[in-house]
**Q** 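Before I ask anything, let me first share the structure, which is written out below as structure tokens.
Model, not experiment: these values are computed from the prediction.
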Amino acid sequence: MTAAPTYTVDVRRLEEFSALDLYAMLKMRVDVFVVEQTCPYQELDGNDPDCLHLRLMDGDDLLACARLWRPTQDHLPRIGRVAVSPNHRGKRLGDALMREAITECEKAYPGEAIEISAQAHLQKFYGSLGFERTSEEYLEDGIPHVDMIRPLR
């Protein structure tokens, strides 16, 4: 088993990124969600300015990223756009990324459960992090998904 690389956690708003750092994060999301998953959809959906963006970094190397949504009238705090660089797969970075994202959501929005829209084949993974399925399976951009919530602990 490959050991997880050391990483630093970087959380910031969209306008705080340098142009090159923003480009690297958005490119990785497009590479994973649009190209790798062969899913043509609106990756730049207009929601990034309203979210916090969490990155796992090894120096200047982007290992993984996620988008953290603030709660709204219709939604709990949400974690989305969870992506691990294809160059760093198999190192348990998805687990590390989600644990860091949960921690950041709990800091930013104490006393709130957390929701996700999970690709259906990842239910067991998200379940291991305390998320519970709350919906029937549905298609989102042609990929089976389920809604999940991580109740307050």
Side-chain angles (χ1 to χ4, degrees), residues 1-14 25-58 62-153:
M1 175 182 247
T2 305
T6 57
Y7 62 84
T8 57
V9 177
D10 176 59
V11 181
R12 61 178 74 189
R13 298 198 50 80
L14 192 69
M25 183 178 69
L26 295 176
K27 181 180 183 319
M28 186 176 78
R29 285 179 14 189
V30 168
D31 287 349
V32 170
F33 299 123
V34 178
V35 178
E36 182 179 309
Q37 295 180 2
T38 59
C39 183
Y41 78 106
Q42 191 75 31
E43 168 56 29
L44 300 179
D45 60 5
N47 292 305
D48 288 305
D50 295 328
C51 297
L52 290 173
H53 298 273
L54 184 145
R55 301 181 305 159
L56 300 186
M57 304 292 297
D58 184 6
L62 174 61
L63 305 175
C65 65
R67 183 163 77 171
L68 312 178
W69 296 65
R70 67 175 180 244
T72 66
Q73 185 173 353
D74 299 324
H75 290 282
L76 296 166
R78 289 182 284 163
I79 300 170
R81 297 297 201 268
V82 175
V84 174
S85 167
N87 298 330
H88 296 286
R89 302 250 172 90
K91 301 175 184 177
R92 302 203 46 85
L93 286 167
D95 186 67
L97 177 64
M98 281 302 297
R99 289 186 190 285
E100 298 291 353
I102 290 166
T103 297
E104 290 299 323
C105 281
E106 289 174 343
K107 280 196 305 190
Y109 313 110
E112 299 264 8
I114 301 167
E115 66 182 18
I116 59 173
S117 173
Q119 291 187 6
H121 73 277
L122 294 172
Q123 287 178 76
K124 185 176 179 181
F125 166 70
Y126 289 117
S128 74
L129 297 164
F131 287 88
E132 301 169 0
R133 181 176 169 163
T134 60
S135 77
E136 294 298 317
E137 193 171 289
Y138 58 91
L139 288 179
E140 184 174 313
D141 299 313
I143 297 172
H145 280 71
V146 293
D147 293 332
M148 299 182 83
I149 291 180
R150 185 173 193 274
L152 292 176
R153 304 271 174 208

**Q** Do Arg81 and Met25 have side-chain heavy atoms sitting under 4.5 Å apart?
**A** no
**Q** Among Val146, Ile79, Val82, which residue meets the side chain to side chain contact (heavy atoms under 4.5 Å, CB included) test with Tyr126?
**A**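 Among the candidates, only Val82 passes.
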**Q** Distance check, rounded to the nearest 0.5 Å: Arg150 atom CZ versus Ile102 atom CD1?
**A**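 Arg150 CZ to Ile102 CD1: 4.5 Å, rounded to 0.5 Å.
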**Q** Would you say the side chain of Asp95 lies within less than 4.5 Å of the side chain of Leu129, judging by non-hydrogen atoms?
**A** yes
**Q** Heavy atoms only: give me the nearest Ser128-Arg99 pair and the separation to one decimal.
**A**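 What the structure gives for the nearest pair is O-NH2, 4.5 Å.
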**Q** Would you say Arg55's side chain and Leu62's backbone share a donor-acceptor pair under 3.5 angstrom?
**A** no
**Q** Under the side chain to side chain contact (heavy atoms under 4.5 Å, CB included) criterion, do Ser117 and Asp147 qualify, and how do the steps go?
**A** CA-CA 5 Å; Ser117 173; Asp147 293 332; 4.1 Å; yes
**Q** Are any non-hydrogen side-chain atoms of Arg13 and Leu52 less than 4.5 angstrom apart?
**A**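 The answer is yes; the side chains approach within 4.5 Å.
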**Q** Flag the pair Lys91 and Asp58 as a salt bridge only when some basic side-chain nitrogen lies within less than 4.0 angstrom of an acidic carboxylate oxygen.
**A**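 No, no charged N to carboxylate O under 4.0 Å.
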**Q** Would you give the length of the straight line joining atom CG of Leu63 to atom OG1 of Thr8, rounded to the nearest 0.5 angstrom?
**A** 8.0 Å
**Q** Just by modelled atom types, is the Val84 backbone N or O under 3.5 Å from a matching donor or acceptor in the Arg89 side chain?
**A** yes
**Q** Taking all non-hydrogen atoms of both residues, which atom of Ile149 and which atom of Pro151 are closest, and how far apart?
**A**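 Nearest heavy atoms, Ile149 then Pro151: O-CD, 3.3 Å.
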**Q** Given side chain to side chain contact (heavy atoms under 4.5 Å, CB included), test Arg29 with Asp48 step by step and report yes or no.
**A** CA-CA 12 Å; Arg29 285 179 14 189; Asp48 288 305; 2.9 Å; yes
**Q** Roughly how far apart are Asp10 CG and Cys65 SG, rounded to 0.5 Å?
**A** 11.0 Å
**Q** How long is the span from the CE atom in Met98 to the CD1 atom in Ile114, to the nearest 0.5 Å?
**A** 7.5 Å
**Q** Could you tell me which non-hydrogen atom of Ala113 sits nearest to which non-hydrogen atom of Leu152, and how far apart they are?
**A** N-CD2, 3.5 Å
**Q** Looking at every non-hydrogen atom in both residues, tell me the closest pair between Ala120 and Glu137 and how far apart they are.
**A** CB-OE1, 3.5 Å
**Q** What do the steps show when you test Glu43 against Phe33 for side chain to side chain contact (heavy atoms under 4.5 Å, CB included), and what is the final call?
**A** CA-CA 8 Å; Glu43 168 56 29; Phe33 299 123; 3.9 Å; yes
**Q** Could you grab the distance from atom CG of Leu122 to atom CZ of Phe131, nearest 0.5 Å is fine?
**A**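 Those atoms lie 12.0 Å apart.
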**Q** Between Gln37 and Val32, is a side chain to side chain contact (heavy atoms under 4.5 Å, CB included) present by the stated rule, with each step listed?
**A** CA-CA 6 Å; Gln37 295 180 2; Val32 170; 4.3 Å; yes
**Q** Which heavy-atom pair separates Leu93 from His88 by the least distance, and what is that distance?
**A** CD1-O, 3.4 Å
**Q** What are the two closest heavy atoms between Met148 and Gln123, and how far apart are they?
**A** CE-O, 3.8 Å
**Q** Out of curiosity, His145 NE2 to Glu136 CD, how far, rounded to the nearest 0.5 Å?
**A** 16.0 Å
**Q** Between Arg70 and Glu112, is the closest basic N to carboxylate O distance under 4.0 Å?
**A** no
